[in-house]
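Inspection log for the structure reproduced underneath, given as structure tokens.
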Amino acid sequence: MVYTKVKRPWPITTICIMGYIWMILVLPGMFAPDVKKIGDFIPMIYGLILAFSFISIIGVWHMKRWGVELYTLIFFIKTSFFILTGQFTSSSYAGVFFSIVFILVFSFYYKRMDKNL
């Protein structure tokens with residue numbers, strides 16, 4: 001069995017770097033007092049969502065299909081989580097817009113990505 005390394009396109013590289021920077025900026029929000037006021041387990045759930053988002057971006061960086069699939073799944077889970085906890089505000093629309101654009105770009109390169117882990 002021969003594995004070929006797929007060259008990562010520049011849009012994927014750009015989006016992944018933006019995702020890494022975004023994760024660094026959003027991570028402290030998990031420890032915010034406002035998040036703790038919502039419920040006892042909310043910071044833990046939010047932390048898991050952030051962790052899986054980061055893992056999915058790593059998968060996309062390595063041109064793995066599971067990264068795109070996980071990113072799409074986490075997008076829907078994160079959006080549902082924000083709606084259910086009442087945290088979906090007018091400023092959340094920008095995050096949803098960028099996530100949808102990222103998913104569309106990832107989908108464009110999906111067939112070029114590796115099926116294996």
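For the single chain, residues carry numbers from 1 onward in sequence order.
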inquiry  = Count I, L, V, M, F, W, Y as connected when their side-chain heavy atoms are under 4.5 Å apart, and connections chain through other members. Are Phe102 and Leu25 then in the same cluster?
reply    = yes
query = Is any side-chain heavy atom of Trp66 closer than 4.5 Å to a side-chain heavy atom of Lys115?
reply = no
message = Just so I know, are the side chains of Thr72 and Phe106 near enough to count as touching, which here means a heavy-atom distance under 4.5 Å?
response = no
task = Nearest 0.5 Å please: distance from the CD1 atom of Ile15 over to the CZ atom of Phe98.
result = 10.5 Å
query = Out of curiosity, Met63 CE to Ile12 CD1, how far, rounded to the nearest 0.5 Å?
reply = 5.5 Å
task = Please answer: with hydrophobic residues joined when any side-chain heavy atoms are less than 4.5 Å apart, are Ile74 and Phe76 in the same cluster?
result = yes
Residues 43-61 side chain polar contacts: donor-acceptor under 3.5 Å, at least two apart:
unit_1: Ser53; atom_1: OG; unit_2: Ile49; atom_2: O; d: 2.9
unit_1: Ser56; atom_1: OG; unit_2: Phe52; atom_2: O; d: 3.4
unit_1: Ser56; atom_1: OG; unit_2: Ser53; atom_2: O; d: 2.6

query = With the 4.5 Å side-chain cut-off for hydrophobic clustering, are Leu84 and Ile42 part of the same group?
reply = no
query = Any chain of hydrophobic side-chain contacts (each under 4.5 Å) joining Met18 to Leu104?
reply = yes
query = Hey, does the side chain of Arg65 reach the backbone of Tyr110 with a donor-acceptor pair shorter than 3.5 angstrom?
reply = yes
ask   = Is the count of non-hydrogen atoms from other residues, nucleotides or ligands lying under 6.0 Å from Phe108 atom CZ greater than 12?
value = no
ask   = Met23, Ile21: one ILVMFWY side-chain cluster at the under-4.5 Å cut-off?
value = yes
request  = Supply the atom-to-atom distance Tyr71 OH to Phe75 CZ, rounded to the nearest 0.5 angstrom.
outcome  = 8.0 Å
query = Under a 4.5 Å cut-off applied to non-hydrogen side-chain atoms, are Glu69 and Leu73 in contact?
reply = no
inquiry  = For a 4.5 angstrom cut-off between non-hydrogen side-chain atoms, does Met113 reach Val68?
reply    = yes
request  = Working to the nearest 0.5 Å, report the span between OG of Ser99 and CH2 of Trp22.
outcome  = 9.0 Å
task = List the atom of Lys64, the atom of Asn116, and the distance in Å for their closest heavy-atom pair.
result = CD-O, 3.3 Å
